Amino acid sequence: MTLRRPPILPLAAIAASFALALVGFGLLSRSSAPAPAPSPASAAGSIPRTTDARITGLQAAIRAEPGKAGSYALLADAYLQKVRESGDASFYARAQGALAEGRRRDPREPGIETGLGTLALARHDFAGGLRQGLAALRLAPDSVRPLGVIVDAQVELGRYPAAERTIQRMVDLKPSMASYARVSYFRELTGDLPGAVQAMRLAVDAGGDAPENVSYLQALLGGLELQRGRLGPAREAYRHALDSVPAYAPAEAGLARLAAAQGDLAGAIRRLRPLVARLPLPEYAIQLGETELAAGRRADGRRDLAVVDVERRLLQSAGVNVDTEIATFEADHGSPARAVQLARRAYASAPSVRSADALGWALTSAGHPQEGLAYARRALRLGSRDGLLLFHAGMSARAAGRGAEARGYLTRALAGGLRFSPFHAPQAQRALGGDPPQARRALGGTG
C-alpha cells in the first residue's frame with residue numbers, strides 16, 4: 001500500500017499495515033510529532049521569541065478578553081511546549097486548567113478539544129486522546145490539527161490501517177512539518193528507513209513555530225541515520241539541532257550514543273552526566289546507567305539507574321502513564337514479575353507494537369520465553385528494523401529453544417542500530433557466540 005503523493009512534493013511508497021515522542025512530552029518516548037500551536041499573534045499582538053514570552057503574552061490577552069476560549073487553547077499549547085523544552089511535567093496541570101476554563105467559556109471551541117486530546121496523549125491516555133481528537137474533528141471537519149491527535153492515538157492503540165488512512169488525509173490536506181513527521185514514523189515502524197529519513201527531511205524543511213520543534217525533528221533524524229549505521233549524517237543532524245537550541249537534551253543524548261558507538265564510553269558518560277543532572281528523565285538516566293555498566297562502573301550505573309524510580313513517581317504524580325517504559329526497565333534491571341504486571345496492563349489498554357515488545361520481553365525475563373516470543377513476533381509484525389525489538393525477539397527465541405530463529409533476529413539486530421549499544425550489543429554477540437563467522441558478519445562496517 002502506498003501513501004498517495006500530494007501534487008507539490010514527491011513521496012516514496014510506504015508499506016501497509018504507523019507513538020511519541022509523547023505529543024507534549026517528546027523527551028520520554030517516540031511516537032508522535034510536535035504539533036505546533038496556531039500563531040498567537042491575534043491573541044497576544046505579535047509572535048514572541050520564546051515560550052515564556054508567549055505564555056506571558058497569552059496570559060495578558062486572557063486578562064484583557066477573558067471570554068475568548070481560543071486564547072485558553074493557545075495558552076495550553078504553550079504550556080505543553082514548555083514541557084517539551086523543560087521536562088517539567090507540572091505544566092500538564094496548568095494546561096489542563098487552561099483547557100477546563102476555555103471549555104467552560106465555549107464548549108464548542110475546536111481548539112479546546114484538540115488541546116484536551118493532545119494533553120491526554122502526552123499522559124499516555126491514548127483512548128481518551130482518540131475520543132477528544134474525534135470530538136475536535138466533528139467541530140472542525142476541515143481542520144488538520146485534530147487529525148494529528150487522532151493518528152497518534154491510533155498508532156498507540158495499534159490501529160495501524162486506520163492510522164495510515166488518517167495520515168494520508170493529513171498529507172492531502174496540508175503537507176507540513178506535522179504531517180511529514182508522522183509519515184516518517186509510519187515508515188520507520190514498517191522498516192522503510194530510507195523513506196523515513198526522506199520524510200523527516202521534508203518535515204525539517206517545512207519548519208515550525210518554535211525552534212525546539214525543528215531541533216526535535218533534527219534529533220529524530222539523527223536517530224534514524226544512526227539506525228542505518230550512517231554516523232556522519234547522524235552527527236550532522238544532532239549538531240544542527242544544537243545550533244538551534246544549545247544544550248538540547250535529545251541531541252546531547254544522540255551525540256553520547258555516537259561516542260559510545262565509536263568506543264568512547266568515557267566521553268559518552270561525560271556528555272550524559274550533566275544532561276541527567278539537568279533533566280533526569282528516565283530515558284536519559286537509563287542511557288547513562290547502562291553506559292556506565294558497560295564501562296565497568298557498576299556502582300555508578302546502579303546509582304544512576306535508581307533515579308528512574310524517582311522520576312517514575314514524579315511523572316505518575318503528573319498523570320503520566322509510564323507502564324510500557326517502566327516494564328522494559330524492570331525486565332532489564334529490576335523485577336521481572338513487576339515488569340509482566342505493568343506490561344500486561346499496558347498491552348490491554350493500548351495493544352501497539354511498542355507495548356507488545358514490552359510484554360514479550362517482560363515475559364521472557366520472568367522465565368516464560370514461549371509466550372514472550374509470541375508477543376515479540378507481534379511487535380515485529382509491521383516489519384520494523386528497530387534493533388532493540390529484534391534483540392528482544394532474538395533473546396526470546398533463544399530462551400525458547402528456537403536457535404535458527406534467534407540467530408536470524410540477533411544477526412539483523414547487530415546489522416542495524418543495536419551494534420552501537422554498549423549495553424545490549426555485547427549480550428547479542430555472546431548469544432551468537434556459537435557461530436563466530438555469523439557474529440562477525442553481523443558486526444560488519446559502521447557505514
Side-chain angles (χ1 to χ4, degrees), residues 22-25 32-45 47 51 54-84 91-157 159 162-163 165-174 176-179 182 208-210 319:
L22 307 172
V23 180
F25 210 131
S32 62
S39 169
S42 61
I47 301 176
T51 301
R54 184 176 168 216
I55 288 171
T56 299
L58 286 165
Q59 289 170 334
I62 287 171
R63 287 193 296 271
E65 296 183 81
K68 293 181 66 173
S71 296
Y72 294 93
L74 290 172
L75 180 59
D77 280 334
Y79 285 143
L80 293 180
Q81 178 63 40
K82 187 65 177 176
V83 180
R84 295 181 60 84
F91 282 95
Y92 286 145
R94 302 188 199 186
Q96 184 172 347
L99 291 167
E101 182 62 22
R103 180 184 255 180
R104 189 180 72 81
R105 302 281 180 174
D106 182 359
R108 295 191 58 78
E109 166 57 46
I112 294 294
E113 297 301 318
T114 301
L116 286 168
T118 301
L119 178 59
L121 292 178
R123 287 172 159 170
H124 282 187
D125 176 11
F126 304 121
L130 182 58
R131 285 194 301 272
Q132 298 294 161
L134 292 171
L137 191 63
R138 286 193 293 272
L139 293 171
D142 296 325
S143 176
V144 174
R145 282 176 57 79
L147 294 176
V149 175
I150 291 168
V151 73
D152 294 339
Q154 289 168 331
V155 166
E156 292 295 346
L157 292 170
R159 303 178 186 182
R165 292 191 294 272
T166 304
I167 223 175
Q168 181 62 64
R169 185 175 174 187
M170 283 189 76
V171 174
D172 289 345
L173 284 173
K174 187 177 181 180
S176 66
M177 179 191 76
S179 57
R182 287 168 172 86
D209 289 341

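Because the structure is a prediction, the values reported are computed rather than measured.
The shortest non-hydrogen separation linking Asp106 to Ala69 is CB-CB, 3.6 Å. Minimum interatomic distance between Val155 and Ala163 (heavy atoms only, all atoms of both residues): CG2-CB, 3.9 Å. When all heavy atoms are compared, the tightest approach of Ala78 to Leu58 is CB-CD1, 4.2 Å. Taking every heavy atom of both residues into account, Pro146 and Gly133 meet most closely at CB-O, 3.7 Å. Smallest separation of non-hydrogen atoms from Leu75 and Ala98: CD2-CB, 4.2 Å. The minimum heavy-atom distance linking Leu157 with Leu130 is given by the pair CD1-CD2, 3.9 Å.
When side chains are defined from C-beta on, Thr51 does not count as touching Arg84, because their heavy atoms never get closer than 4.5 Å. Side-chain contact between Asp77 and Arg145 is present, with at least one heavy-atom pair separated by less than 4.5 Å. Looking at heavy atoms from C-beta onward, Asp152 lies in side-chain contact with Arg182 at the 4.5 angstrom threshold.
Taking Arg131 as the reference, Ala127 meet the side-chain contact (heavy atoms from CB on, under 4.5 Å) condition, with sequence neighbours excluded.
Annotation: side chain to side chain donor-acceptor pair (under 3.5 Å) contacts involving residues 135-144, sequence neighbours excluded, are absent.
Considering CG of Leu119 and OH of Tyr79, their distance stands at 13.0 Å, rounded to 0.5 Å. Put simply, CD1 on Ile62 and CD on Glu101 are 8.5 Å apart, with the number rounded to the nearest 0.5 Å. The structure places OH of Tyr72 at 7.5 Å from CZ of Arg104, a figure rounded to the nearest 0.5 Å. A distance of 10.0 Å separates OG in Ser179 from CD in Gln168, rounded to the nearest 0.5 Å. Distance CG/Leu173 to CG/Leu147: 6.5 Å, rounded to 0.5 Å. For the atom pair Arg94 CZ and Lys82 NZ, the distance stands at 9.5 Å (nearest 0.5 Å).
Gln154 and Thr166 form a side-chain donor-acceptor contact under 3.5 Å, judged by distance and modelled atom types alone.
Remark: side-chain polar atoms of Arg108 are not paired, donor with acceptor, to backbone N or O of Leu139 under 3.5 angstrom.
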All N/O donor-acceptor pairs, side-chain side in residues 109-117, below 3.5 Å, sequence neighbours left out:
from	atom 1	to	atom 2	distance (Å)
Glu109	OE2	Gly111	N	2.9
Glu113	OE1	Arg103	NH2	3.1
Glu113	OE1	Gln132	NE2	2.5
Glu113	OE2	Arg103	NE	3.2
Glu113	OE2	Arg103	NH2	2.9
Thr114	OG1	Pro110	O	3.0

